[in-house]
Amino acid sequence: MERLTKSRLFVWLVYIIMGLLALYLLLLVKPIFIHLYVFLRSILAPFIIAMIVSYVLNPVVTMLHERKVPRTVAVLLIYAVFCAALAVILVNVIPMFKEQMDELNRHVPDLTYRAESLVSDLNNTSFLPDSIRDGMNKSIYQMEKKLSDTVSHFINNIGSVVNAVFIAFIIPFLAFYILKDFDLFERTVITYVPKSHRKHTVRLLKDIDTALGSYIRGQFIVCIIVGILAYIGYIIIGLPYPLLLASIVSVTNIIPYLGPFFGAAPALLVASTISMKMVLFVVIVNMACQVLEGNVVSPQVVGRTLHIHPLAIIFALLVGGEIAGIVGMILAVPIFAALKVIVQHIFAYYVRRKTI
């Protein structure tokens with residue numbers, strides 16, 4: 001018996017049983033964790049968004065502060081410039097956006113008729129097997145049902161929309177106070193770190209900033225450039241609603257690898273109601289945008305500072321999407337990069353301790 005308890009196999013079996021028991025207990029208390037996650041997400045979401053905004057704008061505020069501009073004045077100046085630029089853009093863009101939305105609304109019956117004709121022609125084609133036809137009809141029905149459910153959910157959850165508007169309203173105020181006292185927050189965090197670890201902590205924070213700084217700040221610029229390129233391309237090929245569809249491309253481009261597919265889907269849907277030639281043109285435009293973004297725009301604006309393998313990025317996107325949907329996919333890569341830097345520092349610290 002003593003020999004059995006000391007054997008490596010027995011120890012591993014005990015560890016496996018304990019791990020399975022812990023997993024089973026976690027599954028039992030899963031509803032509690034879900035409610036806790038929803039509660040914390042609703043409370044912490046505006047603070048997290050404000051921290052991201054502050055992190056993006058802090059280099060500009062710091063640059064102005066180094067030129068003898070008080071931080072409060074620097075933050076207010078950035079807000080004023082941002083509001084003025086936003087007002088100019090909205091004054092020029094909103095009429096175009098509204099015109100295209102009205103046009104889309106007027107042509108929805110025509111587009112629906114064209115889509116139904118296209119599906120009918122495909123169904124009447126003798127080359128398509130019955131199984132493919134049934135699959136197409138089921139997919140269209142499910143898509144219509146999902147769209148109807150989404151609209152109903154939106155209408156039935158007006159309170160959530162009002163809450164989202166309120167959160168969007170308070171984020172600038174939170175970001176203002178974080179930016180104003182950014183240096184104070186940094187010093188406060190460092191004071192809680194033991195003196196023996198402060199040097200390593202400062203180096204860790206600098207490495208995280210190096211890994212994320214150019215990526216987060218540059219990604220916004222890249223999205224705008226890709227949106228402009230898509231807008232120009234859609235105008236050249238004569239695609240309807242170019243501003244509306246290019247805006248979707250710009251917003252979804254923030255998601256690595258998968259974002260371009262999400263952004264191109266609405267344009268392909270609209271193009272499919274016109275002709276297969278237009279679908280081909282849309283594919284060419286989006287491919288050209290992604291080639292320029294991957295080989296010209298991103299290397300110049302963002303750089304290649306993350307050094308993360310594409311498989312790891314895709315894994316992070318899947319995990320982020322499963323945890324928090326689209327928002328999780330957007331934040332997955334920066335969080336993964338920060339965790340990678342932290343793990344590297346911990347590993348280097350323990351290796352250094354063993355060699356001493």
Side-chain angles (χ1 to χ4, degrees), residues 41-98 160-190 205-206 208-228 231 243-244 246-255 297 300-303 305 324 326-327 330-331 333-335 338:
R41 184 181 64 180
S42 60
I43 294 177
L44 298 179
F47 289 92
I48 294 173
I49 296 173
M51 289 174 63
I52 294 173
V53 172
S54 304
Y55 181 76
V56 173
L57 296 178
N58 184 59
V60 183
V61 176
T62 303
M63 181 186 68
L64 292 174
H65 184 62
E66 290 174 352
R67 298 186 179 185
K68 310 302 180 183
V69 179
R71 287 191 70 90
T72 303
V73 177
V75 176
L76 292 174
L77 184 62
I78 291 173
Y79 272 39
V81 172
F82 174 77
C83 291
L86 185 64
V88 171
I89 293 172
L90 291 179
V91 166
N92 291 277
V93 171
I94 283 181
M96 297 172 58
F97 203 84
K98 183 178 181 299
S160 300
V161 177
V162 174
N163 185 51
V165 172
F166 175 73
I167 290 175
F169 180 74
I170 66 173
I171 284 173
F173 294 96
L174 295 175
F176 171 78
Y177 288 109
I178 294 174
L179 280 169
K180 185 174 73 71
D181 299 323
F182 202 91
D183 294 338
L184 177 62
F185 290 142
E186 286 184 336
R187 290 195 299 269
T188 303
V189 170
I190 294 299
L205 295 176
K206 285 184 177 179
I208 292 176
D209 182 66
T210 301
L212 298 183
S214 62
Y215 175 80
I216 294 177
R217 297 169 192 127
Q219 198 68 23
F220 289 103
I221 301 174
V222 170
C223 290
I224 293 172
I225 294 174
V226 169
I228 293 172
Y231 178 62
L243 181 62
L244 183 64
S247 301
I248 298 173
V249 173
S250 177
V251 171
T252 57
N253 193 75
I254 199 170
I255 303 174
V297 179
Q300 296 297 324
V301 178
V302 181
T305 55
I326 297 295
V327 177
I330 293 173
L331 298 177
V333 175
I335 292 174

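Computation of the quantities below employed the complete heavy-atom set of this structure, encompassing side-chain atoms and omitting hydrogens, waters and symmetry-equivalent molecules.
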- Task: Give the minimum heavy-atom separation between Y79 and A175, together with the two atoms involved.
- Result: OH-CB, 3.4 Å
- Using the side-chain contact (heavy atoms from CB on, under 4.5 Å) rule, pick out the option among I49, L179, D181 that qualifies with S54. L179
- Message: If you count heavy atoms of other groups shown closer than 6.0 angstrom to CZ of F185, is the number above 12?
- Response: yes
- Rounded to the nearest 0.5 Å, how far does NZ of K180 lie from CG of L76? 10.0 Å
- Query: Considering the options V61, I178, L57, N58, which one meets the side-chain contact (heavy atoms from CB on, under 4.5 Å) requirement together with V75?
  - Reply: V61
- Closest non-hydrogen atoms of S250 and G227, given as atom of the first, atom of the second and distance, are CB-CA, 3.7 Å
- Which heavy atom in I171 sits nearest to a heavy atom in A50, and how many Å separate them? O-CB, 4.0 Å
- Residues L64, L77; criterion side-chain contact (heavy atoms from CB on, under 4.5 Å); working and verdict: CA-CA 10 Å; L64 292 174; L77 184 62; 4.3 Å; yes
- Out of curiosity, I225 CD1 to N253 CG, how far, rounded to the nearest 0.5 Å? 10.5 Å
- Item | Spatial distance of atom CD1 (I48) from atom CG (L174) [nearest 0.5 Å] | 11.5 Å
- Task: Report the C-alpha distance between R71 and T62 in whole Å, list the side-chain angles of each, state the deciding distance to 0.1 Å, and finish with yes or no for side-chain contact (heavy atoms from CB on, under 4.5 Å).
- Result: CA-CA 8 Å; R71 287 191 70 90; T62 303; 3.9 Å; yes
